[in-house]
Amino acid sequence: MERNKELRLAWDFVENTGRSIFLTGKAGTGKTTFLKTVVERSRKRPIVVAPTGVAAINAGGVTIHSFFQLPLSPYVPGAKVESKFDFGREKRKIIASIDLLIIDEISMVRADLLDAIDSVLRRFRDHYQPFGGVQLLMIGDLGQLTPVVTPEDEQVLKPFYSTPYFFGSKALQQIDYVTIQLEQVYRQQDASFIEVLNQVRSGNPSQEALDKLNARSVQSQMQGASDGNSGVRPASSGKAKQDGAIRLTTHNNLANNYNETELQKLPGEAYRFHAEVSGTFPDYAYPTAEVLVLKKGAQVMFVKNDPTSEHRYYNGRIGHVQDISQNMLTVYCEGDDEAIDVEPLEWENTRYALNEKTHEIESEVQGTFRQLPLRLAWAITIHKSQGLTFDRAIIDANQSFAPGQVYVALSRCRTLEGLTLAAPLQSRAIINDARVDSYIARQESDARRSIEQLPMLKQEYERHLLLQLFDFRPLLYAQESMVRLFAEFFYHSHSALNRMHAQALTDLRQKVIDVSQKWQQMIQAMSIAELRSEDFLERVKRGAEYFADTLDSLLSEPLELTAKVETGNKQASRRLSNLLPDERQTLLSKRYLLVRIAELGFTVNNYLKEKQMSMLDAIDERSLKPRRQRQPKPKVKKEPKPKTWEVSLALYKQGKKPEDIAKERGLTIGTILGHLIRYVDSGEVSFDDLVSPEHQQGILKVFRLIGPTADTTAVKNLCPPDVTYDEIRFMMSHLDSLHKG
């Protein structure tokens, strides 16, 4: 990143602005490496999703449909789809707390799918902002594989979308995002070959470029073979063969038939290697065959990187089976001194989970797929080759049926010399999409403008977050909806509460909205230097305290009383059950954030972290306790409020058990245990009170069997049923603490 200007720009936009980004670039320009860097190093909370199972596994994320729990049918803008979403508390907490949504292989994401994501994010975050206010990092290349649209889907979507590509999304058109084009190609080093690829990517190769490619066709190669200058030899079937080369085809049946035919030609016994699949691992995400049939001499491709320090193979490396039995297999790759002993490896199907102790988003293993990291590799489809790199390949692409297919196939090769065309490439096979060309042309000029604005955007990010801190419109809209509901359904049956809500709305406008607008006008008028001054930041702390207390006094009691309202009117009950939890969560998360900023002060890092924690705590909270009206008192310096874990410790010291503390505080037992484990090292809390000695012994037995660093799911499966995930995590943490001590 330090040596690549575009990657530095992308990092600045991700880390130091709220602007969404479309990171694009030719094949081999480092997009995947950048994705992994952001996940590892960003101070923001990211989630990684991708349109297909294989892409999600490769990116270390999950599929879009599984994370957002979307139906496979097309999404029609404006359709009511709430009944299709069934989100648990943990998923809602994850969605509420993320700062950055990374979508890999965005070129394959349809416009309606992006709008469905927008619908979910608005539902669980900010109703009034595109994508719920989440920053997007969209990664992909429009010159590569395109969205899949069946004729049936096209018929449904055509009235709403002029293009199936992601940039046709209604929600995306509502945000100002930046396009960053990566220019430096790392996969290919030959400038003339890169130029040929660029012309194919654009869809308009010159005759000179086509001639250069067709000089690598079978006919030319066979002529070279007859002159003794090539490793290509004619096959009896008339097809091109090349030792160590893989054939890239347009269709699955072509690749499968070719592999099967070549395998049958080999003498010797065929061995069948069965994958071990445990837990949940959908078959569409299998990285290789569930039953892998191999013979001695079979051409194979590794489908995973060597996890050992020797790094003897990588995803996409070609070799041949040298020795094989049911219990042993070796593969020889050209250039190596000796064959590679191949052992089964494991792939994990993960989901995102929230660690109750640390409040960090973690990957939790749902299932595993264990198999030899190989697949037959005389041929694979161009679709499956995306993301791979080959030293030698035979391209069979004249039956291409989608934009980008030919470019993807050609760009898999490191060099022009390693490329062979099964037949001369016809210009008609290189399919162009004018909608993509038009979009790219617009984005190039927009990108230049955005990049010029970057220094200003970085400074304005602080102003944006301050404005966000003092933005109470979501609460105003929620209370307006509540007042309308009471006026319509509860005017007579709950007249006193109806008047209370109406008065709360009036007071909210006068004491919060009007005051916050003055704050926002002041923030807009001040320079960045003034916003960073100690005097102003001290005023921010006092302002946050004022708004936290005012919101509490205005809304807590009406909402607590509303929670007790019962009605036989189904429509009123349904609307109330939707409005009340949303307003309570909006109020709580805002109050918690204001209180924390009042205590800690405002910085970008503080704000981002505390905003996440406030959202999570608001979702955890079970009830709004009424607050007694206080008599006005002379202003005195307030004692800092005890932290939530300190409250739990105090109750523990009173002799209360963790489950009793959880019940009294309206929190989960996992949250209370997370509070108390902080005090085990100091001796204030006994670890035996958090994890019973019997459960400790059971977990230790499993640790001795599979090791204390195993994932929690594996440990849980071997423990007695009443051992919880929390207890396993606490044991891991406790043992680690003892080891360090």
Side-chain angles (χ1 to χ4, degrees), residues 18 96 118 121-134 174 463-491 494 496-524 540 542-563 565 572 575-598 602 607 610-611 614-615 617-619 621 624 626-627 629:
D118 167 71
L121 291 174
R122 285 180 191 255
R123 180 184 175 198
F124 292 111
R125 293 176 59 93
D126 188 333
H127 301 281
Y128 304 98
Q129 289 194 64
F131 301 101
V134 175
Q174 295 174 33
R463 189 190 308 275
H464 166 74
L465 296 182
L466 277 166
L467 291 170
Q468 197 177 73
L469 174 65
F470 293 116
D471 182 5
F472 300 95
R473 287 174 299 173
L475 263 177
L476 173 66
Y477 301 148
Q479 184 60 18
E480 287 175 340
S481 297
M482 187 66 74
V483 168
R484 287 194 296 270
L485 176 68
F486 266 78
E488 185 175 352
F489 292 102
F490 303 107
Y491 184 82
H494 295 79
L497 188 53
N498 176 54
R499 288 193 298 273
M500 183 181 288
H501 271 297
Q503 186 61 48
L505 177 58
T506 300
D507 292 342
L508 183 66
R509 287 171 175 153
Q510 293 174 353
K511 298 179 181 180
V512 175
I513 300 301
D514 289 351
V515 178
S516 70
Q517 287 176 347
K518 293 175 182 176
W519 266 93
Q520 293 191 321
Q521 290 167 3
M522 177 175 59
I523 291 169
Q524 290 282 25
V540 169
R542 294 196 299 271
E545 185 176 18
Y546 163 80
F547 284 115
D549 288 344
T550 304
L551 290 175
D552 191 12
S553 64
L554 294 181
L555 294 175
S556 291
E557 186 177 2
L559 293 180
E560 188 66 30
L561 293 173
T562 302
V565 169
R575 284 176 57 183
L576 184 60
S577 66
N578 287 331
L579 285 177
L580 182 60
D582 282 352
E583 185 171 357
R584 289 169 65 175
Q585 185 177 319
T586 304
L587 171 63
L588 282 171
S589 61
K590 197 68 172 184
R591 274 192 55 231
Y592 290 157
L593 175 60
L594 291 164
V595 167
R596 286 164 178 166
I597 295 301
F602 177 88
Y607 181 82
E610 297 306 328
K611 181 185 176 187
S614 298
M615 288 179 178
D617 286 348
I619 296 173
E621 191 70 50
L624 280 164
R627 185 188 179 105
Q629 294 293 326

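The residues of the chain are indexed from 1 along the displayed sequence.
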Restricting to non-hydrogen atoms, name the atom on [X] and the atom on [Y] that form the minimum distance, rounded to 0.1 Å.
X    : Y    : value
H127 : R123 : CE1-O, 3.6 Å
A504 : P558 : CB-CG, 4.4 Å
A563 : L580 : CA-CD2, 3.6 Å

Heavy-atom count around Y128 OH within 6.0 Å, excluding the residue itself: above 12?
->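 Enclosed.
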For [Y], is there any backbone N or O sitting under 3.5 Å from a side-chain donor or acceptor partner on [X]?
X    : Y    : result
R122 : G132 : no
R125 : F131 : no
S553 : T550 : yes

Straight-line distance of [X] [atom1] to [Y] [atom2], nearest 0.5 Å:
X    : Y    : atom1 : atom2 : result
Y607 : L593 : OH    : CG    : 5.5 Å
R499 : L497 : CZ    : CG    : 10.0 Å
L466 : I523 : CG    : CD1   : 5.0 Å
D471 : D126 : CG    : CG    : 8.0 Å
D582 : L475 : CG    : CG    : 11.0 Å
E557 : T562 : CD    : OG1   : 10.0 Å

Only counting residues at least two apart or in another chain, list the ones meeting side-chain contact (heavy atoms from CB on, under 4.5 Å) with A572.
->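 Residues passing side-chain contact (heavy atoms from CB on, under 4.5 Å) with A572: F489, F490, T567, N569.
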Minimum side-chain heavy-atom gap K590-L594 below 4.5 Å |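 Yes, side chains in contact.
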Minimum side-chain heavy-atom gap V515-F547 below 4.5 Å |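 Yes, close enough: below the 4.5 Å cut-off.
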Criterion side-chain contact (heavy atoms from CB on, under 4.5 Å) on V540 and L469, from CA distance to verdict | CA-CA 10 Å; V540 169; L469 174 65; 4.1 Å; yes
Stepwise side-chain contact (heavy atoms from CB on, under 4.5 Å) test for L555 and R584 = CA-CA 9 Å; L555 294 175; R584 289 169 65 175; over 6 Å; no
Start with the C-alpha gap between V512 and L476, add the side-chain angles, then the distance that decides, and say whether side-chain contact (heavy atoms from CB on, under 4.5 Å) holds.
-> CA-CA 9 Å; V512 175; L476 173 66; over 6 Å; no
Might you work through the side-chain contact (heavy atoms from CB on, under 4.5 Å) test for M482 and L576, ending with a clear yes or no?
-> CA-CA 8 Å; M482 187 66 74; L576 184 60; 4.1 Å; yes
Qualifying side-chain hydrogen bond (donor to acceptor under 3.5 Å, both in side chains) pairs with a residue from residues 509-524, counting only residues at least two apart or across chains |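 Residue pairs with at least one partner in residues 509-524: E480-R509.
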